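Structure first, commentary second.
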Amino acid sequence: MGVLIGLVPALFWGIYPVWMKKVTGGNFLEQLLGTSGGILIAAGAVALWLQQGVSPHDFLLYFLSGFLWNIGQIGQCWSFMRLGVSAVMPVTTALQVIGNSLVGAWLFGEWQGWQTNLLGLAALIVIVLCVFISNGALHIAKEEALVYVILLVTSIGYWCYSGFPHYVTNPNGLAGFLPQALGMFSGSLLIYLIGRHRLPTSDAWGVRNLSAGLIFAVAAGSYLVSLQLNGLVNAFVITQLNVVIATIVGAVVLHEKGGRQLLITGFGLAVLIAGVFFMVRV
């Protein structure tokens with residue numbers, strides 16, 4: 001059951017980037033604000049249904065998790081506009097898997113013994129290789145290098161998003177969804193104000209992206225439950241199977257890749273899946 005729940009965020013996070021680029025549109029500021037707004041609406045509905053609260057300590061951790069999520073999200077949304085979904089997803093997935101796996105394994109002690117650490121590091125190497133294969137990363141153009149650097153730096157936000165809930169004193173799955181969503185919306189609103197120098201009073205693109213936020217909310221809420229059932233390493237690694245959905249659908253629906261490129265990408269994704277399942281078994 002834990003693995004099945006862990007696959008729910010993988011499915012919806014896979015749909016999310018393609019939906020945002022194909023259906024809702026807008027620039028990365030509007031996508032960020034609309035997504036967090038949709039998440040906040042869903043989290044508010046869940047909070048009314050559950051009628052459960054969290055301690056001030058846990059509230060702060062969940063809030064910081066959501067607030068710092070914006071760093072990773074803005075880097076990803078910005079990169080989608082420049083490289084496309086099918087090019088960005090394998091890279092951001094590898095960065096998130098590596099960062100969160102090492103945080104969970106070494107900071108939270110989820111890898112015990114030298115053999116487990118060795119196997120885990122071997123799986124991470126496999127995942128990195130899959131990105132090189134699927135993206136043809138040996139032939140990165142100079143103008144694309146900056147995008148990959150920004151993806152690397154902003155991935156720190158995703159690591160914090162996954163890691164902070166691990167420190168809560170009373171884990172209760174969806175009870176932390178609302179404070180996390182408040183952190184997401186507060187951070188995205190601040191970024192929007194800095195970028196636009198005005199309030200989003202009549203932003204049609206931001207409103208359209210509320211639907212993307214509702215899709216993201218299903219993934220984010222079920223991920224909080226998966227964290228408690230599967231642990232940080234397994235929960236996060238399972239969710240990263242979203243890269244298969246996002247990359248293939250992005251390549252086909254958005255016409256970002258075709259023919260030989262799609263075959264190479266498919267092979268790279270197969271290697272990624274192998275690395276993911278190997279990691280779960282560590």
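The structure displayed is predicted, hence computed values, not measured ones. Hydrogens, waters and symmetry mates are skipped; everything else that's a heavy atom, side chains included, is used.
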Item to complete: Indicate the ring-plane relationship of W69 and Y161, choosing parallel, tilted or perpendicular according to the 30° and 60° boundaries.
Response: tilted
Any heavy-atom pair between the side chains of [Y] and [X] that's under 4.5 Å?
X: L151; Y: V88; result: yes
X: L29; Y: I191; result: yes
X: V54; Y: V168; result: no
X: I39; Y: F177; result: yes

Fill in: Residue pairs fulfilling side-chain hydrogen bond (donor to acceptor under 3.5 Å, both in side chains) with at least one residue in residues 176-187, sequence neighbours excluded
S65-Q180
Side-chain ([X]) to main-chain ([Y]) donor-acceptor, under 3.5 angstrom:
X: S162; Y: W159; value: no
X: Q31; Y: G26; value: yes
X: R208; Y: V23; value: yes

Discussion item. Suppose we screen for salt bridge (Lys or Arg N to Asp or Glu O under 4.0 Å). Which residues come up paired with R82, at least two apart in sequence or across chains?
Written reply: none
Worksheet item: Are there more than 12 heavy atoms of other residues, nucleotides or ligands under 6.0 Å from atom CH2 of W78?
Response: yes
Taking every non-hydrogen atom, the tightest pair across [X] and [Y]:
X: A175; Y: G53; answer: CB-O, 4.5 Å
X: A212; Y: T35; answer: CB-OG1, 4.1 Å
X: M184; Y: N70; answer: O-ND2, 3.1 Å

Worksheet item: Is there a donor in the side chain of Y158 and an acceptor in the side chain of Q73, or the other way round, less than 3.5 Å apart?
Response: yes
